[in-house]
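These notes concern the structure reproduced below.
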2 protein chains.
Amino acid sequence: MSAEKTPTRGELRRQAMLDAASELFLEKGYERTSLSDIVCRSKGSRSTLYEQFGGKEGLLRAMIEQATAVTWQALNSNTFADLGSEEGLCALGICFVHAALAPQSVAVFRVLAAESERVPEVARLFFELGPRSSERILAERFANSALVRDGFASPEQLARVFLGSLLGVLHARRVLGLSVVLDEAEMESHVRVAVRVFLDGVGCCRA
Amino acid sequence: MSAEKTPTRGELRRQAMLDAASELFLEKGYERTSLSDIVCRSKGSRSTLYEQFGGKEGLLRAMIEQATAVTWQALNSNTFADLGSEEGLCALGICFVHAALAPQSVAVFRVLAAESERVPEVARLFFELGPRSSERILAERFANSALVRDGFASPEQLARVFLGSLLGVLHARRVLGLSVVLDEAEMESHVRVAVRVFLDGVGCCRA
DNA sequence: TCTATACTGTACGGTACGGTACAGTCAATT
DNA sequence: AATTGACTGTACCGTACCGTACAGTATAGA
């Protein structure tokens with residue numbers, strides 16, 4: 001449908017190496033994954049790796065850029081027309097949590113947590129394409145919305161608070177490797193609670 | 001005042017090494033910090049390091065356990081009597097954000113993000129003494145509180161949502177090394193917004 | 001002061017890894 | 001089938017690091 005040609009042999013090898021690197025970085029971390037591991041799993045060769053990526057760090061960048069693009073694609077391509085409504089916020093919320101907790105996303109986050117000093121521009125790219133993008137979308141909508149009370153909080157603050165409440169401490173759990181698997185229903189339930197709290201709070205209109 | 005004796009020479013050297021390791025792991029990450037770096041900065045010797053910690057991984061454990069205890073001490077020792085009120089929630093919130101965003105805490109998180117597979121019990125310890133502890137305190141209070149509407153959400157869900165909203169995406173920023181320094185006033189403002197949203201929401205009582 | 005203990009400083013072994021070189025092999029195109 | 005370019009497999013170099021050994025030195029207690 002799109003302009004995709006049948007991939008050349010080189011493109012296939014490249015992708016196989018990216019996939020292998022992605023898996024291994026997830027399993028063992030960046031520093032503890034050796035080039036030989038990657039070459040071995042990708043069934044490619046050392047020489048090709050150097051031709052394609054120029055070295056270990058080049059492979060890291062390529063892997064992160066691809067994983068980021070793939071994982072957050074849905075969020076950035078979606079227009080999210082009705083962000084004022086509960087339903088609209090839930091839709092974005094579910095999308096956001098999916099993206100943030102996806103195994104690939106967690107893998108990238110782990111690697112960047114350890115290596116951000118060394119590849120700061122990749123860390124920035126990940127954040128901009130990922131969480132920051134959602135933050136911007138939300139802040140913009142909030143700014144033109146009746147949701148924001150005058151002088152109460154900036155749209156940016158509200159966006160941060162809302163997105164944080166969606167993740168709760170689930171992201172930290174995942175990154176630390178402590179998480180039980182979160183099934184679809186639990187996740188959706190969590191998002192609904194967060195959205196309700198955000199819109200109506202938990203204590204008002206009650207006493 | 002307490003049972004602290006004047007520390008022995010050994011205890012002093014041990015602490016100097018822990019401090020040096022803490023700084024270096026923060027600056028360069030665990031894998032990229034060599035024992036020689038630590039020995040050099042601590043002005044100690046290689047032999048002493050092995051006597052005290054048994055190796056690099058022992059040093060890692062000791063450093064994380066100490067940093068965790070120190071950083072989250074205020075939160076776990078505080079009783080937080082009035083968690084039903086806005087003021088009480090703000091007090092806990094500020095304490096929580098301080099603990100979570102403290103440089104030492106971020107350093108530990110970074111290391112554990114990369115190494116959690118290798119020292120899972122340390123990762124669990126960090127989480128239990130840190131975020132999980134706050135989650136428990138809150139959930140318990142919420143359970144005995146008028147805050148929780150019947151059938152709306154479990155106390156645990158609310159605690160997760162609330163703590164997440166306190167952090168927003170600030171923690172991720174810090175861990176990825178992207179954060180501008182957050183001054184005290186901004187932080188407090190953020191916490192106040194989060195607490196207000198949690199209690200009253202942002203859209204209710206309005207239309 | 002004398003002695004036992006603990007810390008220092010340095011050197012070394014073994015290993016693992018990143019990166020390079022190069023000869024051999026395979027695949028696509030004509 | 002021939003040719004050209006791309007991929008493979010392996011061997012190798014330099015380096016860095018963990019962990020150990022050991023001789024020398026400072027410190028605390030009798």
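Note on naming: letters A, B, ... go to the chains in the order of the sequence lines (proteins, then strands), and numbering restarts at 1 for each one. It should be emphasised that the depicted structure is a prediction, and the values quoted were computed from it without experimental measurement. The basis for the numbers below is simple: all heavy atoms, side chains too, and nothing from hydrogens, waters or symmetry mates.
Applying a 4.0 Å cut-off to non-hydrogen atoms, none of the residues of residues 12-21 of chain B approaches DNA chain D.
Qualifying salt bridge (charged side-chain N to carboxylate O under 4.0 Å, His left out) partners for E23(B), counting only residues two or more places apart in sequence or in other chains: R41(B). For H190(B), there are no ring pair (Phe, Tyr, Trp, His ring centres under 6.0 Å) partners two or more places apart in sequence or in a different chain. In this structure A91(B) satisfies the side chain to side chain contact (heavy atoms under 4.5 Å, CB included) test with no other residue, sequence neighbours excluded. In terms of the side chain to side chain contact (heavy atoms under 4.5 Å, CB included) criterion, residue partners of L26(B) (sequence neighbours excluded) are, by chain and number, P103(B), A107(B), R110(B). With sequence neighbours excluded, no residue forms a salt bridge (charged side-chain N to carboxylate O under 4.0 Å, His left out) with E51(B). In this view, S36(A) and S34(A), R46(A) satisfy the side chain to side chain contact (heavy atoms under 4.5 Å, CB included) rule, not counting sequence neighbours. Considering only residues two or more places apart in sequence or on other chains, A114(B) meets the side chain to side chain contact (heavy atoms under 4.5 Å, CB included) condition with A114(A).
On the nucleic acid side, DNA chain C has its first and last nucleotide under 4.0 Å of a heavy atom of chain A at dC17(C) to dA27(C), going 5' to 3'.
Screening residues 88-102 of chain B for side chain to side chain donor-acceptor pair (under 3.5 Å), with sequence neighbours left out, gives H98(B)-E184(B).
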Could you pull out every donor-acceptor pair under 3.5 Å between side chains of residues 122-132 of chain A and any protein atom, sequence neighbours left out?
| from | atom 1 | to | atom 2 | distance (Å) |
| --- | --- | --- | --- | --- |
| E128(A) | OE1 | R136(A) | NH2 | 2.8 |
| R132(A) | NH1 | E135(A) | OE1 | 2.9 |

Under 3.5 Å, which N/O atoms of the protein pair with N/O atoms of nucleotides 17-21 of chain D?
| from | atom 1 | to | atom 2 | distance (Å) |
| --- | --- | --- | --- | --- |
| dC18(D) | OP1 | K56(B) | NZ | 3.1 |
| dC18(D) | OP2 | L35(B) | N | 2.9 |
| dG19(D) | OP2 | Y50(B) | OH | 3.1 |
| dG19(D) | OP2 | K56(B) | N | 3.2 |
| dG19(D) | O5' | Y50(B) | OH | 3.2 |
| dG19(D) | N7 | R46(B) | NE | 3.4 |
| dG19(D) | N7 | R46(B) | NH2 | 2.8 |
| dG19(D) | O6 | R46(B) | NE | 3.4 |
| dT20(D) | O4 | R46(B) | NE | 3.3 |
| dA21(D) | N6 | S47(B) | OG | 3.4 |

